[in-house]
Amino acid sequence: MNIQENISLLPYNTFGIDKKARFFVQAKTEEDVKSAVHRSKALNVPVFILGGGSNILLTKDIEALVLKIEIEGIRVISENNEEILVEVGAGENWHQFVLYCIENNWGGVENLSLIPGTVGASPMQNIGAYGVELKEVFHQLKAIHRETLEEKIFDWNTCHFGYRESVFKNELKDQYIIVKVVFRLSKKPVLHTEYGAIKQTLEDMGISSPNIKNISDAVIHIRQTKLPDPKMIGNAGSFFKNPTISKNQFAALKEAYPDIPSFPMDEGVKIPAAWLIEKTGWKGKTFGKIGVHKNQPLVLVNYGGGDGAEIRELSKKIQDSVKQQFGILLHPEVNFI
C-alpha cells in the first residue's frame with residue numbers, strides 16, 4: 001500500500017479546490033481499507049473517507065489520512081422473472097453504473113442518471129432526482145467499522161433513510177466505511193415521468209412510449225442544459241436541499257407570491273430552493289473567482305482558483321437573505337470540510 005504525503009486534492013474534488021491531504025492512499029480492496037485504518041492509527045491521524053469528491057467543499061487542508069475508495073466490481077447475486085439483486089463496489093462511478101443497468105434493461109435508477117460521485121456515497125446521501133430516491137432501489141450494504149474493523153451488513157431499515165439523509169450522516173457519522181452496495185432492480189420497470197421536465201423533454205424528443213433508456217437520455221439532456229460540467233466549471237451540483245415548510249406557512253407565502261412553485265408532501269409542502277434563491281436576486285452573481293450559476297441558482301461555482309472558505313461565506317449570505325425574505329432556512333446538501 002502506497003501512502004503519499006502532502007498530496008493536493010485538486011484532482012479529487014469537483015469544486016476544484018486546491019487543498020492538501022497530510023496523507024493519501026487509494027483503496028482498491030476491502031483489505032486495503034483495513035490496512036489503511038491500521039496505518040492511520042500508527043501515524044496517529046484520523047481517517048477521512050473520499051469517494052468521488054462531488055459532495056464536499058474543502059475549506060482547509062486535511063490533517064488526516066485521506067482514504068480514497070476505489071473498490072470496483074458489479075455482480076449479480078440473484079434474480080427471478082421480476083427483479084434482480086446486483087452487488088456493486090463502493091468505488092464504482094455512479095453514472096457508469098446507471099448506464100450499465102440501462103444496457104442490461106434493469107430498471108429503477110434511470111431517473112438518477114448523471115448524478116456525480118461513487119456508488120458508496122449514494123446510500124449515505126440517499127441521492128435523489130426527478131421523483132426517485134436511492135432508497136427505492138436499495139437492498140443492503142456492507143460496511144467496515146473504523147475502530148474495530150468489524151464487517152457489518154445494513155439493510156433498508158437500519159439505514160434510516162430520509163430526504164438526503166441516512167444513519168451514516170447522523171447517528172453513525174464517521175463510524176463506518178461503506179465497501180459494497182446491493183441494489184434491487186426491476187426487469188419490468190415502472191417509469192417515472194411526472195417530475196420536472198421529463199415528460200416535456202420526451203415529447204420534444206418525439207417519444208410517446210418511453211423505455212428506461214429514453215428516460216435516462218431525457219434526464220441527461222435536462223441536467224446538461226441546467227447544470228455546469230464540473231470539468232469545465234467547479235461545482236458540487238445542488239448546494240442546498242429543497243426545504244419543506246408547513247401548510248400554514250405555505251398558504252401565507254402563496255398570498256404574497258402567487259407564482260411560488262410547490263410539491264405537496266405528507267409532512268408539509270416542499271419548495272424548490274432554486275426558486276427562493278433566484279427570487280432573492282442571487283442568480284448569476286459573480287464575486288471574483290466564485291459565484292452563483294447563471295442557469296441554475298441552486299449551484300454555487302468556482303470559476304478557477306476560488307477558495308472553499310469564500311464559497312462557504314457566499315452560501316451563508318444566501319441563507320441569510322432567503323431567511324429574511326421568506327422566513328425559510330436553507331440547509332446545505334454539500335458537506336463542509
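Everything quoted here is computed from the prediction, not taken from an experiment.
With sequence neighbours left out, the side chain to side chain donor-acceptor pair (under 3.5 Å) criterion links Gln140 to no other residue.
Here Glu110 does not pair with Lys213 in a salt bridge; the nearest charged N to carboxylate O distance is not below 4.0 Å. Between Lys241 and Glu165 a salt bridge is recorded (basic side-chain N to carboxylate O distance below 4.0 Å). Salt bridge Glu30/Lys180: present, at least one basic N to carboxylate O contact under 4.0 Å. The existence of a salt bridge linking Lys20 and Glu63 is excluded, since no basic side-chain nitrogen approaches an acidic carboxylate oxygen closer than 4.0 Å.
A donor-acceptor pair under 3.5 Å links the side-chain atoms of Ser315 to the main chain of Arg312, judged by distance alone. In this structure a side-chain-to-backbone donor-acceptor pair under 3.5 Å is present from Ser321 to Ile318. Side-chain atoms of Asn105 do not come within 3.5 Å of backbone N or O of Cys101 as any donor-acceptor pair. A donor-acceptor contact shorter than 3.5 Å links the side chain of Arg146 to the backbone of Val47.
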Could you tabulate the donor-acceptor pairs under 3.5 Å formed by side-chain atoms of residues 116-125, not counting sequence neighbours?
| from | atom 1 | to | atom 2 | distance (Å) |
| --- | --- | --- | --- | --- |
| Ser122 | OG | Val119 | O | 2.6 |
| Gln125 | OE1 | Asn55 | ND2 | 3.2 |
| Gln125 | OE1 | Lys169 | NZ | 3.2 |

Show the atom names and distances, to 0.1 Å, of all donor-acceptor pairs under 3.5 Å that link a side chain in residues 221-237 to residues at least two apart or in another chain.
| from | atom 1 | to | atom 2 | distance (Å) |
| --- | --- | --- | --- | --- |
| Thr225 | OG1 | His221 | O | 2.7 |
| Asp229 | OD1 | Lys231 | N | 2.9 |
| Asn235 | OD1 | Gly237 | N | 2.8 |
| Asn235 | ND2 | Pro228 | O | 3.2 |
| Asn235 | ND2 | Ile233 | O | 2.9 |

Give the table of side-chain donor-acceptor pairs shorter than 3.5 Å for residues 267-280, with sequence neighbours excluded, one pair per line with atom names and distance.
| from | atom 1 | to | atom 2 | distance (Å) |
| --- | --- | --- | --- | --- |
| Lys279 | NZ | Asp259 | OD2 | 3.4 |
| Thr280 | OG1 | Leu276 | O | 3.0 |
| Thr280 | OG1 | Ile277 | O | 2.9 |

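The aromatic rings of Phe287 and Trp282 are tilted relative to each other, their planes meeting at an angle between 30° and 60°. Ring pair Phe168/Tyr176 is perpendicular by interplanar angle, where above 60° counts as perpendicular and below 30° as parallel.
Between Lys187 and the options Glu79, Glu83, Glu82, a side-chain hydrogen bond (donor to acceptor under 3.5 Å, both in side chains) holds for only Glu79.
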Intermediate values then yes/no, salt bridge (Lys or Arg N to Asp or Glu O under 4.0 Å), Glu70 and Lys68: CA-CA 6 Å; Glu70 297 186 349; Lys68 188 168 191 309; 3.6 Å; yes

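For residues 327-337, every residue pair satisfying the salt bridge (Lys or Arg N to Asp or Glu O under 4.0 Å) rule, not counting sequence neighbours, is listed here: Arg164-Glu333.
With hydrogens and angles left out, the side-chain atoms of Asp204 and Gln200 include a donor and acceptor closer than 3.5 Å.
With values rounded to the nearest 0.5 angstrom, Asn13 atom CG is found 4.5 Å from Leu58 atom CG.
Hydrophobic clustering, defined by side-chain heavy atoms of Ile, Leu, Val, Met, Phe, Trp and Tyr closer than 4.5 Å, groups Leu85 together with Ile77, Val182.
Cluster membership for Leu329 and Phe239, using ILVMFWY side-chain heavy atoms within less than 4.5 angstrom, is not shared.
A distance of 6.0 Å or more separates the ring centres of Phe183 and His139.
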